[in-house]
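All remarks here apply to the structure that follows.
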Amino acid sequence: MNTPNVLFVDTPIEFLKGVGPARAQILKSELDISTYGDLLEYFPYRYVDRSQTTTIRNINIDEPYVVLRGTIFDLHTVGNGKSTRLSAMLRDETGQIELVWFQGLKWIRESLKPDTEYIVMGKPNIFNGHINIAHPDIERADRDNNSNLKYIPIYSSTEKLKAKGLHTKGIAKLTEQLLRMAAGRIPETLPQNIIEKYKLPSRANAIEVIHYPTRPHDISLSVQRMKFEELFFLQLDYQYAKHSRQMRSNGYVFSIVGEHFNRFYNERLAFELTGAQKRVVKEIRADMKSGHQMNRLLQGDVGSGKTLVALLTMLIAIDNGCQTCLMAPTEILANQHYANISKMLDDLGVSVELLTGAVKTGAKRKIKQRLQNGEIDILIGTHAVIEKDVQFKNLGFVVIDEQHRFGVEQRSKLWTKSIQPPHVLVMTATPIPRTLAMTLYGDLDCSIIDELPPGRKSVKTIHSTDHQRLKVFGFIRDQIARGRQVYIVYPLIEESETMDLKDLMDGYESIAREFPLPQYQISIVHGRMDSEAKDYEMGRFKRGETQIMVSTTVIEVGVDVPNASVMIIENAERFGLSQLHQLRGRVGRGAEQSYCILMTGDKLSNTARERIKTMVDTSDGFRIAEVDLKLRGPGDLQGLQQSGILQLKLADIVNDEPIVRAARECVQTILEQDPQLEKIDNACLRLYIQKNKRALAWGKIS
Ligand code: ADP
Ligand code: MG
């Protein structure tokens, strides 16, 4: 890479002829284009094949660009002064439309010849009820024009850009001009051996072809190259951070499996671990012995036994003389973990404590004291555990439940609670599609529990509309008569919290009428209640004192009442797929057949219909996650903002899985062979790392 090249692509865009300060500013604010290089990387989103002409009658007004072939007649000027425009009619065998110009009238008027055949291209608009095209691209049909482009690139533009003359054609013009200047000045970014190995076109060539294509085959090769590059550097960010972390030999070494683990495993565990659980425990064990800090993501569907794996591995940490911490996203969950784990560990000589916002100040102080003295082996809690004044004596292992609720930043706070960074296991029951996991969690190792404990019956999922409500009530009655319990969940979306609370209360009242006291007892839980009241209601339901739990989504995560066999989701069309899946996971935990009933209105949007259908069709969390990602795109996913995924220009992690995979493997190989990027081949990568802040930030966090 020689200096002039770098300078060329880094040249401020306003120096490009035809840009200037005003356009530069708008390019920056609308498209984040501030240099030549940025403009070169602003790619068309489609192409129009100029040989594929449309007839005037078949013009689709929604098309961003049409190609017509016809003759021009009735050329005349309309209006006067400032509002003068030039109008011409274009005719083919199917009809006629108006072409208009507001600028350059004289020149255009002189150059257009009546009764001559032209190729006319542009964006159709509706004006006064007629279709017209303003400022079309126009050329004689019988002439081989200087522009020999068969494919016309279409760039997306915005209202503000268009107001400055930068519609697709305006952008194409700038790009074309820039490309002419750029010959020999677009530096390669990938190592030469990688280019050769994957048979990629050079960067300069790919960029030119994408803007200025002649054959479709070349476009796709070039696009692939640019996608590969994007995904390659995203992977490099993550994996370099991960490698640097691993190279520091600063992990606690847990070499023994001792009494706590063995007694629990042999005396307490009433069942055999599933194959997947055994495999994952082994993977974690291996990390814990390695001398490097573990950062592992544990994915598994609800009920697949992740918590048990966490507990087993926490016992290993305790056997090696360390403290452990389990952090949950809600108080209900923390309480539940605490109740379950203390019960399971009863009499094993492990001290377990609970720390949440609800713990009284005096008790809190005592817990903190004992924590510092090393008298607590397992601390379970909410984000209260990451507060500054919570200090451990020797925190060796941290488990974070339900990752999607905690940000990377919170994760990082736990590191500082110990001189040596603790091993970290992040558990999530919202499976992340593989491609996304590879990218988003490229800095974590990944374990998957892909097997449910034996004997689980899959939950029958039914879609019901409001008309069938009476039938649903009958079904609830029948299930309760069999001794089962029922959840009825209402959506809660933050912007309209009062509205939703009203929905919930109305729902509660009608349920209460339908299921009257004293025969039926109903619990209600929602976000406006304080945690004591919530716990009280949850407790009653858990103990079977109430048969129906009416709630908002606060029960979404992790709540475990095996006797509950029916989950009714009201306004199911308002929930996202992963939420629906989470909610359904609350039932099907006992031996009985369980049901999930998705209640919706009659009218559903297409995506809502697809979500409901997916739920009815499958219970595979990974499958659901893939559909979810396809329907929503990655934009909505939490934790994505800092990930770089949203900055991808061409690559699409949903549809480009093979390229994600190739890029990932490629980066892995490079870092295995040259962890410090010291080889000549990798000099450009080293330079990239030095320049790149994203990688550095991540490196610090993990
Ligand atoms: P997750 O945290 O993945 O939702 P849990 O660890 O809470 O799952 O397990 C769900 C339920 O299944 C718990 O009641 C747990 O005791 C039970 N369980 C876990 N592993 C097994 C197993 N291998 N065989 C039978 N039951 C199991
Ligand atoms: Mg769980």
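Residues take their numbers from the sequence shown, with the count starting at 1. Only a predicted model underlies this, so the values are computations on that prediction, with no experimental measurement involved. Counting starts at 1 for both ligands and their atoms, following the listed order.
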Counting each atom of ligand 1 from 1 as listed, which ones have a heavy atom of T274 under 4.0 Å away?
-> 23 (N)

Aromatic plane relationship, F541 with Y487 - under 30° parallel, 30 to 60° tilted, over 60° perpendicular = tilted

N-O pairing of K630 and E626 below 4.0 Å | no

Close approach of G300 to ligand 1, heavy atoms, under 4.0 angstrom | no

Distance under 6.0 Å and angle within 45° of ring axis: R285 vs F254 | no

Indicate, with yes or no, if the rings of F475 and Y595 have centres closer together than 6.0 Å.
-> yes

Sub-4.0 Å atoms of ligand 1 with respect to non-hydrogen atoms of D301 | 3 (O)

Nearest non-hydrogen contact to atom 1 (P) of ligand 1 from the set K306, R589, Q277 belongs to K306

For G305, atoms of ligand 1 separated by under 4.0 Å from a heavy atom | 1 (P), 3 (O), 5 (P), 6 (O), 8 (O), 9 (O), 19 (C)

Does R609 come within less than 4.0 Å of E573, counting only side-chain N to carboxylate O?
-> no

K534 with E331: basic N within carboxylate O range, under 4.0 Å | no

T307 heavy atoms within 4.0 Å reach ligand 1 at atoms 1 (P), 2 (O), 5 (P), 6 (O), 7 (O)

Relative to the heavy atoms of L308, which atoms of ligand 1 are at a distance of less than 4.0 Å?
-> 6 (O), 20 (N)

